[in-house]
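Convention: sequence-line order gives letters A, B, ...; per-chain numbering from 1.
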Amino acid sequence: MNKTYEPKDFEHRIYDNWQKKGYFKAAPDKNKKPFSIVMPPPNITGQLHIGHALDCTMQDAVVRYKRMKGYETLWLPGTDHASIATEVKIVEKLKSEGTSKEQLGREKFLERAFEWKEQYGGRIVEQQKRLGVSCDWDKSAFTMDERCSRAVREVFVKMFNEGMIYRGNRIINWCPTCKTAISDAEVEHESTDSHLWHIKYPLTDGSGEIIIATTRPETLLGDTAVAVHPSDIRYKSYVGKTLRLPLVNREIPIIADEYVEKDFGTGAVKITPAHDPNDFEVGKRHDLPIINILNDDATLNENAGVYKGLNRYDARKKILDDLNSLGYLVKTESHLNNVGHCYRCNDTIEPIVSKQWFVKMKELAKPAIDAVKKKEIRFIPKRFEKAYLHWMENTQDWCISRQLWWGHRIPVFYCEKCGKATASIDDITACPQCGGKVHQDEDVLDTWFSSALWPFSTLGWPEKTELLDYFYPTDTLITGYDIIGFWVSRMIFSGLKHTGKKPFSDVVIHGIVRDDKGRKMSKSLGNGVDPIEVIENTGADALRIALVSGISAGGDIKWSSEKLEGYRNFMNKIWNAARFVLMNAEGCTIKEIGSFRLTLADKWILGELFRCVKRVTKLMDKYEIGLAAAEIYDFIWNNFCDWYIEFSKTALYSDDLERRNNVISVLMYVLRETLKLAHPIIPFITAEIYNELPNKDAEDIMISPFPENVGIVTKAKIIRSSFNAELAKMRSVMEVIKNIRAMRSDMNVSQSKRTALYIKPLGNNKALVKSSLSYIEKLACGSSIELVDSEPQGKNVTVLSTIAEVYIPMNELIDKDKEIARLKHELEVVESEIARAQGKLANEGFVKKAPTALIEAEKAKIVKYEEQKNTLLKSIDNLN
RNA sequence: GGGAGCUUAGCUCAGCUGGGAGAGCAUCUGCCCUACAAGCAGAGGGUCAUAGGUUCGAACCCUAUAGCUCCCACCA
């Protein structure tokens, strides 16, 4: 093995080998239980960012874990055509080339889009591979490939024929930059400082006026009424009269509607049905005309009269100026206003009445709500269930048409003769009713319409494929909380509706990656972290474990370079530990655990390993990858490296070949099992080291069996003991060593100075102490160690522990007064402990109600501390 | 306006069914001891946001308050 950890040297090679061997491939196998995950398809617009890296790492950890656990595991990857996002980018590119999509025409434009897909979709896949993701690339899907498109058509036609999809003239969210309708979910609301303008509308009969308050004066041009509350006495007499709209001079009615809040503004509201969702509803109730004043780029149209051609912001200014100079503007108040923005381009969206396609949601939502309420689908962590239910229960009909070219073109054909609209899975040229010529709808579907079908369209639905039969419903979905509404909920109702089955059982939600100051990573802040750059510098494993550590319960994760460095160091630690074990294995025979006598330390490390396996298994089953990583980190560093490897050195450096064989066998076993335990999280380094092991239990670590949580498992047997007794014993030996080290450090004794140690076992610990002498001598800087019955003659330093007292001749160290002071301090501590325990036992309530085990434990502590107190008093006395 | 979550060491976070406050990083001290200075050994550091309550016992359960974060929502 290389002396230093250089991930660049092997990550590519390891990954290529996995691919060559076909380990990622999944195929129905009746003898195995299936486990499947579909990957949330990244958009083809960009490149892998740190959020994807987190998403992929979590999925890969789960997938690798399940695969090692013996499941036939499918992780199905793919990419999303990302209708708007991609089209916007391509349009930008065309613009920079001095052309436009209109100039190009639909067909050529789509050619360009597919070229784009090849280029950028491919790049993301390459980047995912660098991360080590183990998905079945042969089954890669793309939301616009034949498979998925077929499913989209099937679903659309079915729902169209059932009346679940309808076309209607309704108010929708219009993005003037993307020049398309977007769904409610795609609008982000933002509080914005604005004004509330009070405008005077005169009565046509000249008998007075009404003052309305508005945040959008420019839409005045489209007003078709003014509304007041029916019970508002201020305006009661006005209802039914008409007003003359300023600037436009149109006569509009005063109507009464409950929608109006009496206490807000002036209690009178201008009604613009074409440009406000509420006004649209009011308009429907009162049968008001709808006057659209905007073009699709949000400039004013011919309905705006003299304001025609202005953009909406200039129009507002001009209209306010005009109102002011004509004396209509009576007051301007400041006002905090909620403004909707496009989630893609962030432009201010305009509510506009327009003819669009919608999916009826009410009927779809109900089973989707029930499935979660009945726990058929579980959210992890649970709190996201509420977010989901709330979203689902309040969802409005879903606007699915987009005025774009890149996407699934709506499969509806209009007859030019009889006007009939026909939805068809295959393109048609003639009207099925009258045989007339037809033309297809120009719009495409919302990109989420196809991703909603992802868990089953990718498996071949609507065909009854073997894959679908075996792997669907999928098991787990892992994604960020930001797309629960967009995606997760839509997959749930789509799956239930079209396959009759839930699409997955567990929805694991994680947070987003933020920078070290807790800010979202964004291009404008320039605080993004490029995963590929990190991989180049520190390796994929360090990136993976750094991402996954500290993430728990769906919370956001803060990224910091210190953290990354910490885990890079951990990788180095693993590397060197493995190197140590392998180096010392030369000339040794590796034996099966159980075929030779285990020492106390052997049993201890095996016990710790077993505990670690149990915890990691439990955590992985709960998708707590971060906490599992912490357990592994702790075991490897604090138990295996800091203690067991150190213990093992006395045996390894001895001349006794059998002892060496035994200890190297334990080292090798623990190393192998630990690598397997860690493999799902840090696949590369574990694979590279595993390949070097003489005791491999599989061709490759990724297809080796995950450590069992029933005990220590070898080919020869399963040792079910958890070694609890040995764990406790060894820990008390370690306490002796730690106490001696602490004392030495306290007394400023240099590490290289070795001393004689006299050790007096306490209670019935003689055998334990006797068997641990060599460990204590080696790890507590002893030059010699001797078992004694009492404190040796002369002046000594006394070190107290639970199982033994250790004496070190004073002359070996330095200062008598210092030692007395130290002992006095310890005496204080011991006395306060006695007082604490006594106080507890003096509490009547405690003695009466606390569990007996707890009371006994307190009593035992008093006995122990009293003993220590006596020793300390004697030692102090002896020094004086 | 409604809902959710968070508040534990200087920083990032653990803390299972209530039973003596933990880790990593940072800081300080001492160490190149034949795996690792990307390392080893040791140490300091906390009113568990605040105020009440339940309990023999509360970081943990209940109530209120404050601060932060996020989601949802049509008062123009």
Side-chain angles (χ1 to χ4, degrees), chain A residues 1 3-5 189 196-197 212-216 219 227 259-272 276-282 335 337-338 351 381 383-384 386-387 390-391 394 481-482 484-485 511-512 516 518 538 542 549-560 562-563 565-584 615 618 626-627 630 633-634 637-638 641-642 645-646 649 653 738 741-746 748-752 754 778-779 781 833 836-837 840 843-851 853-854 857-858 861:
Chain A
M1 280 174 81
K3 192 163 185 249
T4 49
Y5 165 64
H189 294 276
L196 195 57
W197 287 281
I212 58 92
T214 182
T215 54
R216 301 211 48 199
T219 63
Y259 150 71
V260 181
E261 288 285 331
K262 281 187 281 190
D263 300 332
F264 188 87
T266 62
V269 192
K270 63 194 255 335
I271 301 296
T272 323
D276 183 284
N278 299 306
D279 293 7
F280 180 74
E281 294 301 319
V282 173
H335 178 70
N337 196 20
N338 251 347
R383 69 187 142 96
F384 289 105
K386 276 193 182 158
H390 185 262
W391 196 88
N394 294 299
Y481 59 68
D482 48 337
I484 293 177
I512 56 173
D516 56 350
T538 53
S549 294
I551 166 178
S552 144
D556 286 348
I557 164 180
K558 277 186 197 168
W559 178 261
S560 73
E562 288 86 7
K563 194 166 155 185
E565 199 184 315
Y567 287 104
R568 194 268 321 259
N569 293 353
F570 179 46
M571 294 306 105
N572 189 54
K573 189 75 182 175
I574 294 176
W575 186 260
N576 279 293
R579 207 160 57 87
F580 172 84
V581 175
L582 287 164
M583 267 165 33
N584 283 287
R615 290 181 181 185
K618 201 172 157 192
L627 295 179
Y633 183 101
D634 179 58
W637 206 312
N638 299 123
C641 293
D642 285 352
I645 285 187
E646 295 305 322
K649 285 178 181 171
Y653 300 154
K738 280 186 178 179
R741 284 174 177 171
M743 179 280 293
R744 290 172 55 104
S745 178
D746 237 27
N748 295 326
V749 182
S750 147
Q751 224 135 92
S752 50
R754 302 195 157 264
K778 164 118 179 84
L779 298 189
C781 305
E833 287 298 322
R836 195 195 55 79
K840 231 173 173 180
N843 183 335
E844 224 176 288
F846 178 76
V847 179
K848 226 188 276 177
K849 295 190 178 171
L854 213 62
E858 290 299 325
K861 278 178 202 167

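Of the possible donor and acceptor atoms, one in the side chain of A/R744 sits under 3.5 Å from a partner among the backbone N and O of A/S750. With hydrogens and angles ignored, the 3.5 Å screen pairs no side-chain donor or acceptor of A/K3 with any backbone N or O of A/N576. For the pair A/R741 (side chain) and A/L779 (backbone), a donor-acceptor distance under 3.5 Å is present.
Between the CZ atom of A/F570 and the P atom of B/G39 there is a distance of 12 Å, given to the nearest Å. When rounded to the nearest whole Å, the span between CD1 of A/I557 and C1' of B/C6 equals 17 Å. The nearest whole Å value for the distance from the CG atom in A/N843 to the P atom in B/G57 is 7 Å. What separates CH2 of A/W575 from P of B/G39 is a distance of 17 Å, to the nearest Å. In this structure, the CH2 atom of A/W559 is 17 Å from the C1' atom of B/C11, given to the nearest Å. Taking atom CD1 of residue A/I645 and atom P of nucleotide B/C33, one finds them 19 Å apart after rounding to whole Å. Between the CZ atom of A/F384 and the P atom of B/G5 there is a distance of 10 Å, rounded to whole Å. What separates CE of A/M571 from C1' of B/C36 is a distance of 14 Å, to the nearest Å.
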Exercise. Starting at the 5' end of nucleotides 18-31 of chain B, put B wherever the base has a protein heavy atom under 4.0 Å, S where only the sugar-phosphate does, and a dash everywhere else.
Key: -BB---S-----BS
Quiz item: Going 5' to 3' along nucleotides 68-76 of chain B, which nucleotides have protein heavy atoms under 4.0 Å from the base (write B), which only from the sugar-phosphate (write S), and which from neither (write -)?
Solution: ----SBBBB
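A distance of 10.5 Å separates CH2 in A/W391 from CD1 in A/I484, rounded to the nearest 0.5 Å. Rounding to the nearest 0.5 angstrom, the gap separating the CE atom in A/M1 from the CE atom in A/M583 is 10.5 Å. Considering NZ of A/K573 and CZ of A/R568, their distance stands at 14.0 Å, rounded to 0.5 Å.
A gap of 25 Å separates the C1' atoms of B/U47 and B/C25, to the nearest Å. Taking the P atoms as reference points, B/U29 lies 25 Å from B/C36, given to the whole Å. Between B/A9 and B/U50, the distance separating the two P atoms is 11 Å to the nearest Å. The same atom, P, is picked in B/U69 and in B/U12; the two are 14 Å apart, to the nearest Å. Straight-line distance between the C1' atoms of B/G2 and B/A21: roughly 37 Å, to the nearest whole Å. For the C1' atom pair drawn from B/C48 and B/U7, the interatomic distance equals 10 Å after rounding to whole Å. Taking atom C1' on both B/C62 and B/U55, the two are 12 Å apart, rounded to the nearest angstrom. Using atom C1' as the reference point in both B/U63 and B/G45, the two lie 33 Å apart (nearest Å).
Below 30°, between 30° and 60°, or above 60°: for A/Y633 and A/F570 the angle between ring planes is between 30° and 60°, a tilted geometry.
Listed here is the closest heavy atom pair of A/A577 and A/I645: CB-CD1, 4.0 Å.
Counting non-hydrogen atoms under 4.0 angstrom, A/K618 reaches nothing in the nucleic acid. Using a 4.0 Å heavy-atom cutoff across all strands shown, A/C781 reaches no nucleic acid atom at all. Counting non-hydrogen atoms under 4.0 angstrom, A/K573 reaches a base of the nucleic acid.
In this model, no donor atom of one side chain and acceptor atom of the other lie less than 3.5 Å apart for A/S560 and A/K558.
With B/G15, B/A4, B/A35 as the candidates, the nucleotide lying closest to the side chain of A/L627 is B/G15.
Contact annotation: A/Y5 side-chain N/O to B/G39 OP1/OP2 distance is not under 4.0 Å.
Listed by chain and residue number, nothing satisfies the side-chain contact (heavy atoms from CB on, under 4.5 Å) test with A/A630 (two or more places apart in sequence, or in another chain). Residues meeting the side-chain hydrogen bond (donor to acceptor under 3.5 Å, both in side chains) test with A/N569, sequence neighbours left out: none. Annotation: side-chain hydrogen bond (donor to acceptor under 3.5 Å, both in side chains) contacts of A/N394 (sequence neighbours excluded): A/H390.
The residue among A/R741 and A/E646 whose nearest nucleotide of RNA chain B is located toward the 5' end is A/E646.
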Quiz item: Are A/D556 and A/Y481 close enough, and set up right, to give a side chain to side chain donor-acceptor pair (under 3.5 Å), and what steps lead you there?
Solution: CA-CA 10 Å; A/D556 286 348; A/Y481 59 68; 2.9 Å; yes
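Contact of A/R568 with B/A38 (side chain to base): a donor-acceptor pair of N or O atoms is detected under 3.5 Å.
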Quiz item: Taking only Watson-Crick and G-U wobble pairs with both distances under 3.5 Å, what dot-bracket line describes RNA chain B, where [ ] shows pairs that cross earlier ones and | shows pairs with another strand?
Solution: (((((((..((((.....[..)))).(((((.......))))).....(((((..]....))))))))))))....
